[in-house]
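Worksheet for the structure shown next.
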Amino acid sequence: MGDDVTGSGIEVSRPATSAVGPRAVEVSLRRALNEMGVARSLATLTAMNQVDGFDCPSCAWPDPSPGHRSHAEFCENGAKAVSWEATRDRVGPAFFATHSVDDLRDLDDHSLEQFGRLTEPLYLAPGATHYAPISWDDALQLCAQHLASLSDANRAVFYTSGRASNEAAFLFQLLARRLGTNNLPDCSNMCHESSGVALTETIGVGKGTVSLEDITDHADLIVIVGQNPGTNHPRMLSALETAKRRGARIVSANPLPEAGLVRFKNPQRARGVMGRGTALTDRFLPVRVNGDLGMFAGINKALLAREERAPGTIVDHPFIDAYCDGFAEACEGWRELEWSQIEEASGLSRTQIEEFADDVVAAKSVIVCWAMGITQHRNAVATIREIVNFLLLRGNIGRPGAGPSPIRGHSNVQGDRTMGIWEKMPDAFLDRLGEEFGFAPPRDPGYDTVEAIRAMRDGRVDVFVALGGNFVAATPDTAVTMAAMANCRLTVHVATKLNRSHLYHGESALLLPCLGRTERDVREGGEQFVTVEDSMSMVHASRGRLAPGSPHLRSEVAIVAGLGEALFGEDVGWRAMAGDYRVIRRHIEQVIPGFEDFDERVRQPGGFMLPRGPHDSRTFATATGRARFTRNALDAIHLPEGHLILQTVRSHDQFNTTVYGLDDRYRGIEGGRRVVFVNADDLAERGLADGDSVDLVSVWSDGERRAEAFRAVAYPTPRGCAATYFPEANVLVPLDSTAIGSNTPTSKSIIVRLEPVSVPSAAMT
Ligand SMILES: Nc1nc2c(c(=O)[nH]1)N[C@H]1C(S)=C(S)[C@@H](COP(=O)(O)OP(=O)(O)OC[C@H]3O[C@@H](n4cnc5c(=O)[nH]c(N)nc54)[C@H](O)[C@@H]3O)O[C@H]1N2
Ligand SMILES: Nc1nc2c(c(=O)[nH]1)N[C@H]1C(S)=C(S)[C@@H](COP(=O)(O)OP(=O)(O)OC[C@H]3O[C@@H](n4cnc5c(=O)[nH]c(N)nc54)[C@H](O)[C@@H]3O)O[C@H]1N2
Ligand SMILES: [Mo]
């Protein structure tokens with residue numbers, strides 16, 4: 001993979017102790033003006049997250065209710081995401097005629113996307129060195145021919161990234177299932193899959209149960225673990241500020257003291273601009289990487305001990321008796337746990353955990369928010385089950401200001417799942433889908449992301465179709481995935497911009513350029529809008545305003561429906577659905593519970609909330625119809641002598657594999673991304689110092705993997721832990737290192753050692 005920078009030229013300063021403030025506004029405006037110019041900047045930024053505008057394509061944080069939105073309802077990173085999409089730069093056929101695929105492979109990820117928006121369908125013929133233009137009809141026919149001639153529908157894989165609208169996602173899963181496969185891996189397999197698995201098992205629904213108002217208006221205590229909201233969900237800081245102003249407490253646990261957890265300078269308030277801003281975290285717990293299972297087991301043990309000392313004062317027995325299973329067994333587990341095990345696993349002292357317990361006992365209602373710092377570990381599912389135990393103990397679910405809140409990533413990743421993008425949708429969904437469209441959907445579970453890579457690697461896949469995303473860069477074991485793609489006969493990407501996945505192709509490849517969120521979508525039935533679901537189950541409309549980036553772009557809905565029609569003719573009404581998205585919404589209404597009167601309700605300002613059984617009525621659709629306590633074994637990672645646990649994070653200047661720039665302002669990094677954050681004592685112990693150049697070598701049962709030349713940065717992270725950026729570090733993540741129960745790659749716990757880069761002999765003379 002083209003390296004963006006070597007260790008040289010990177011400037012390191014002290015990490016920031018507050019987030020946002022006037023600098024964030026300045027950066028947003030500068031990026032917007034550079035990429036879009038004045039008119040487009042105004043047209044986009046004023047429409048973002050507004051009732052009649054478009055949904056920000058960045059994260060899935062919910063919008064305030066319609067009367068409570070500001071005129072600038074966006075954050076710095078939302079502004080970057082929009083500038084990235086609505087840029088005036090274009091990359092058309094002339095560019096591809098002069099740049100071969102091989103040449104493009106030498107460029108780094110930042111440069112590839114910087115060329116601008118794709119303008120026309122492109123085809124890379126077998127043996128060809130360059131992408132060349134192809135008509136839409138030919139492109140769709142070619143793809144359809146490949147799919148129709150498969151010996152088995154399971155030799156096709158349909159990948160979805162979480163930016164696809166509900167309508168596009170619904171059609172995409174229909175296409176795959178109509179063809180006869182459930183091979184529908186998605187980015188969620190690498191993201192919140194562990195949350196989905198753990199929550200479905202314990203509370204009967206695979207998503208969070210709280211709403212924005214629960215955070216802003218009701219919670220007494222908000223626990224934020226394994227999440228960096230200042231960078232990845234910046235609008236969450238405004239909600240936390242509101243909660244703080246009415247007296248809520250915040251406890252954060254993170255191996256990195258992220259600036260956005262410490263203090264927020266709200267640029268829309270005077271004291272955010274001139275003053276010190278609002279302190280957010282009241283108690284910071286520097287948990288060790290992968291230590292959260294130990295921490296939550298510890299707090300549960302502490303709460304149980306207090307209950308046993310003063311029965312009836314801590315545990316919500318009426319709730320547990322009426323609604324839960326498995327309490328006695330879970331208690332046995334906590335009683336048997338030794339504090340020494342808890343301290344070792346979590347990296348926290350018993351005192352720190354007891355103090356956290358004081359906060360919990362003082363709070364009538366508690367919310368736990370989490371993201372990738374929890375889900376991307378081998379024991380992630382067990383950790384989230386333990387978080388559920390923690391909430392159930394005091395009845396912190398099914399009442400205002402309480403509950404689990406997995407903070408979702410991509411802007412519509414949650415909606416895509418609701419629409420059926422999942423390799424193992426339940427039979428009830430498949431039954432209704434088959435009934436609505438008059439066919440028999442396949443029942444065998446399909447491949448998830450890791451399984452899809454294995455199948456491609458082993459020659460069991462001929463056609464790979466991606467609705468968005470950057471499969472090669474986002475997945476683990478980069479070298480393995482790149483080779484796996486080359487085993488396919490055809491790889492197809494529906495995309496807005498050029499990225500690395502388009503350059504690691506099958507025998508032939510198609511690049512199909514689509515409209516983005518910001519653009520007007522006019523079909524035979526007139527101007528269309530699409531719908532999305534946010535992290536808190538609100539479904540709402542999104543309407544682009546800009547003229548399409550090129551006259552040849554098609555909407556994702558039109559592309560998927562076009563492929564359906566090329567494959568199956570008019571069997572399920574592909575053309576009607578592509579002409580008028582209301583037709584798709586009518587089908588969704590029939591297939592997916594909670595979408596009654598979909599089209600009417602989603603037209604209301606702000607949209608509508610999907611039913612959330614555990615929150616609304618303490619209904620738990622689990623195997624036993626009750627919420628379930630679980631007993632979770634503490635299995636701390638065993639680090640071989642001299643090794644560190646490496647986690648891979650996002651910088652403040654990227655959206656997943658899209659690198660906007662080379663700075664990470666809040667962590668004090670400027671001008672490069674090849675840095676590794678390590679505790680100063682761990683560096684010293686290895687005879688290293690801040691500024692040294694090191695290779696990262698990961699160890700796994702099948703051998704070692706290496707990422708070269710990172711600048712060591714002495715950083716306040718617990719001993720034994722390290723951090724670096726993804727996607728550069730994905731070469732280090734072994735394909736088979738995944739979470740138990742969810743198969744999510746363990747991108748946050750890679751066992752590595754640091755190897756000093758030896759000074760080339762020429763330099764020594
Ligand atoms: N601007 C921007 N916004 C984004 C994204 C983006 O790339 N850029 N990506 C989107 C997507 S798809 C997602 S999923 C979300 C991701 O949102 P986050 O999960 O916030 O993203 P990460 O950068 O992976 O940060 C993980 C955080 O968990 C901490 N952490 C790591 N390991 C552990 C651990 O073992 N325990 C604890 N307690 N903490 C740990 C890290 O120090 C870091 O603060 O953001 C979404 N929003
Ligand atoms: N090591 C490590 N690996 C990780 C993670 C980690 O924390 N550490 N995080 C994981 C997570 S949480 C996730 S969600 C995945 C992300 O995996 P993906 O979703 O596959 O990757 P993205 O980088 O979000 O995809 C970016 C690409 O999407 C395309 N795109 C952008 N907008 C649109 C659009 O409107 N339509 C279409 N069709 N395409 C569009 C662009 O071409 C862009 O290049 O990565 C995972 N990988
Ligand atoms: Mo994600």
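Residue numbers run from 1 in the order of the sequence given. In each ligand, atom 1 is the first atom listed, and ligand 1 is the first ligand listed.
Counting non-hydrogen atoms of neighbouring residues, nucleotides and ligands closer than 6.0 angstrom, the CZ atom of R378 reaches no more than 12 such neighbours.
A cation-pi geometry, defined here as NZ or CZ lying under 6.0 Å from the six-membered ring centre and within 45° of its normal, does not hold between R90 and F115. Taking the ring axis of F54 as reference, the NZ or CZ atom of R543 does not stay both within 45° of it and closer than 6.0 Å to the ring centre.
For ligand 2, the atoms closer than 4.0 angstrom to any heavy atom of G468 are 37 (C), 38 (N), 39 (N). Residue N730 approaches ligand 2 through these ligand atoms, each under 4.0 Å from one of its heavy atoms: 1 (N), 2 (C), 3 (N). Numbered from 1 in the order shown, with element, the atoms of ligand 2 that lie under 4.0 Å from a heavy atom of Y159 read 17 (O), 18 (P), 19 (O), 20 (O). Close approach of ligand 2 to V494 is summarised as follows: ligand atoms under 4.0 Å from at least one heavy atom of the residue are 37 (C), 38 (N), 39 (N). Numbered from 1 in the order shown, with element, the atoms of ligand 2 that lie under 4.0 Å from a heavy atom of K497 read 42 (O). Listed by number with element, the atoms of ligand 2 under 4.0 angstrom from any heavy atom of C514 are 36 (N), 37 (C), 38 (N). Residue-ligand proximity, E556 to ligand 2, at heavy-atom distances under 4.0 Å covers atoms 34 (C), 36 (N), 37 (C), 38 (N).
Residue-level contacts of ligand 1 at the 4.0 Å heavy-atom threshold are C59, N77, C191, G226, Q227, N228, T231, N232, H233, A253, N254, P255, L256, E258, V287, V289, N290, D292, A371, M372, G373, H377, G409, H410, Q647, V649, R650, Q654, F655, N656, K748.
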Please walk me through it: do S411 and R517 pass side chain to side chain donor-acceptor pair (under 3.5 Å)?
CA-CA 11 Å; S411 52; R517 284 268 173 86; 3.0 Å; yes
Derivation of the side chain to side chain donor-acceptor pair (under 3.5 Å) call for T375 and S194
CA-CA 5 Å; T375 62; S194 307; 5.3 Å; no
Under the side chain to side chain donor-acceptor pair (under 3.5 Å) criterion, do N743 and N189 qualify, and how do the steps go?
CA-CA 7 Å; N743 214 23; N189 296 144; over 6 Å; no
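For a threshold of 3.5 Å applied to N or O pairs, the pair formed by E85 and ligand 2 contains no separation below that value. An N or O contact shorter than 3.5 Å links E113 to ligand 2 by distance.
A donor-acceptor contact shorter than 3.5 Å is absent between the side chain of E120 and the backbone of G92. Checked by atom type and distance alone, the side chain of S161 never pairs as donor or acceptor with a backbone atom of C187 at under 3.5 Å. At least one donor-acceptor pair under 3.5 Å links the side chain of Q376 to the backbone N or O of M190.
For H377 and S749, the side-chain atoms include at least one donor-acceptor pair closer than 3.5 Å.
Considering R117, R31, E35, E113 in turn, E35 is the only one that fulfils the side chain to side chain donor-acceptor pair (under 3.5 Å) rule with T87.
Ligand 2 is never approached by R517 to a heavy-atom distance shorter than 4.0 Å.
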